[in-house]
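What follows is a short report on a single structure.
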Amino acid sequence: MTKNYDLSLVIPVYNEQDNLRKLMQEIDSALEPLNISYEVVFVDDGSKDASLAVLNEISTAYEAARYISFAENRGQSAAFCAGFDEARAPRVATMDADLQNDPADLPAMLSLYNEGYKMVIGWRGKRKDVWIKRVGSKFANAVRNKLTKESVKDTGCSLKIMDTETVCAIPRFNGMHRFLPTLMKMQGATVAETKVNHRERHEGESKYGTLDRAIAGGLDLLGVCWLQNRHFSYSVKERSSDKDNS
Ligand code: UDP
Ligand code: MG
């Protein structure tokens with residue numbers, strides 16, 4: 001018999017060998033007291049360090065943990081989507097693997113989600129990144145909000161909870177993880193935002209440079225604006241009664 005899960009946690013991993021054990025301990029401490037049934041799906045995005053070996057060890061040590069591993073690096077968006085496809089719970093939480101997000105934020109986010117939203121997004125109150133990244137992110141959020149007519153505080157924060165069915169129905173492309181609130185709203189999702197903790201990265205390195213992220217994000221933004229303008233929805237007024245084909 002398949003187990004019924006309340007929450008699937010999806011975590012993209014690219015060269016994070018020294019963060020994974022502590023991350024899993026923190027998730028365990030944050031979620032065990034909730035008495036819910038959860039799974040942690042790590043998606044190894046073709047790591048070149050020992051991340052895969054560590055994930056193997058973690059999936060043996062913790063019943064809730066499992067992983068899939070890509071043959072080669074495909075990017076954070078691809079890793080998220082592969083995790084969404086694997087998820088067995090009706091709601092999926094996402095976070096980074098580098099311990100910058102804090103699993104201790106999950107219980108409060110889950111209570112907010114359970115008030116009836118299809119998406120809860122964290123916004124990083126005090127960002128613990130270098131100044132260029134903080135300024136770049138503020139600017140990117142402002143431009144993104146202006147062009148997509150949104151008011152999302154921090155779409156770059158990976159800490160989110162979403163309705164699994166809805167997130168599996170949104171368009172998929174490289175960089176889509178930076179536009180999840182807009183893409184989810186296009187599918188009719190109701191969205192709430194909440195302040196979350198943010199921490200410095202102590203192990204491993206950031207995978208993004210400021211300029212390459214700005215260029216890729218800018219081009220993606222044009223694509224998302226196009227998608228938004230061309231988006232349609234419909235409601236069915238009536239349908240003929242079901243016919244039996246047998
Ligand atoms: N990541 C990934 N594939 C990539 C780049 C990043 O799975 O090609 C993961 C990475 O391991 C981390 C998360 O995505 O868990 C965010 O990456 P990072 O911390 O480097 O981004 P930053 O915090 O600097 O924006
Ligand atoms: Mg990070």
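In listed order, ligands and their atoms are each counted from 1.
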Atom 1 (N) of ligand 1 has as its nearest protein heavy atom Tyr14 CB, 3.8 Å

Mind checking whether Asn15 contacts ligand 1 via backbone (N, CA, C, O), side chain (CB onward), both or neither, at a 4.0 Å heavy-atom cut-off? neither

Taking atom NZ of Lys195 and atom NZ of Lys153, what is their separation to the nearest 0.5 Å? 10.0 Å

Which residue holds the protein heavy atom closest to atom 9 (C) of ligand 1, what is that atom called, and what is the gap in Å? Pro12 O, 3.8 Å

Closest non-hydrogen atom pair, Ala89 against Asp6: CB-C, 3.6 Å

Closer than 4.0 Å to some heavy atom of Arg213 - which atoms of ligand 1 meet that? 24 (O), 25 (O)

Using a plain distance cutoff, I'd like to know if Asp96 has any nitrogen or oxygen under 3.5 Å from a nitrogen or oxygen of ligand 1. no

Taking 4.0 angstrom as the limit and counting only heavy atoms of Asp45, give me the atoms of ligand 1 inside it, by number and element. 2 (C), 3 (N), 4 (C), 7 (O), 8 (O)

Protein-side N, O or S atoms sitting under 2.8 Å from the Mg ion (ligand 2) are Asp98 OD2, Gln100 OE1

Check whether Lys207 reaches the backbone of Tyr14 with its side chain - one donor and one acceptor, N or O, closer than 3.5 Å. yes

Please step through side chain to side chain donor-acceptor pair (under 3.5 Å) for the pair Tyr62 and Glu39, ending with a clear verdict. CA-CA 10 Å; Tyr62 292 84; Glu39 59 171 358; over 6 Å; no

Non-hydrogen side-chain atoms of Lys185 and Thr182 separated by less than 4.5 Å: no

Can you tell me which residue and heavy atom of the protein come closest to atom 19 (O) of ligand 1, and the distance to 0.1 Å? Asp98 OD2, 2.7 Å

Basic-acidic side-chain contact under 4.0 Å: Arg172, Asp85: yes

Checking heavy atoms under 4.0 Å, the part of Gln76 that sits near ligand 1 is both

Where do Pro33 and Ser29 come nearest, in terms of heavy atoms and distance? CD-O, 3.1 Å

The protein heavy atom nearest to atom 22 (P) of ligand 1 is Lys133 NZ, 3.7 Å

Shortest non-hydrogen contact between Leu55 and Tyr67, atoms and distance: O-CD2, 3.7 Å

Looking only at distance, does Ala97 have an N or O less than 3.5 Å from an N or O of ligand 1? yes

Which is closest to atom 10 (C) of ligand 1 in terms of heavy atoms, Glu16, Arg178, Met95? Glu16

Would you mind running through ligand 1 and noting each atom that sits below 4.0 Å from a heavy atom of Val13? 7 (O), 11 (O)

Counting only heavy atoms closer than 4.0 Å, does ligand 1 sit against the backbone of Gln100, its side chain, both, or neither? side chain

How far apart are the closest heavy atoms of Lys128 and Gln100, and which atoms are they? O-NE2, 3.6 Å

Calculate, to the nearest 0.5 Å, the distance between atoms CG and SG belonging to Asp105 and Cys157 respectively. 8.5 Å

contact_flag Arg201 ligand 1 heavy-atom lt 4.0 Å: yes

Considering only protein heavy atoms, which is closest to atom 20 (O) of ligand 1, and at what distance to one decimal place? Lys207 N, 2.7 Å

Within-cut-off N or O pair, Tyr208 and ligand 1, under 3.5 Å: no

Output the distance between atom CZ (Phe80) and atom NE2 (His177), rounded to the nearest 0.5 Å. 6.5 Å

Any heavy-atom pair between the side chains of Leu227 and Leu183 that's under 4.5 Å? yes

Any Lys/Arg nitrogen of Lys22 or Glu203 sitting under 4.0 Å from an Asp/Glu carboxylate oxygen of the other? no

Hey, does Ile36 have a side-chain heavy atom less than 4.5 Å from the side chain of Leu110? yes

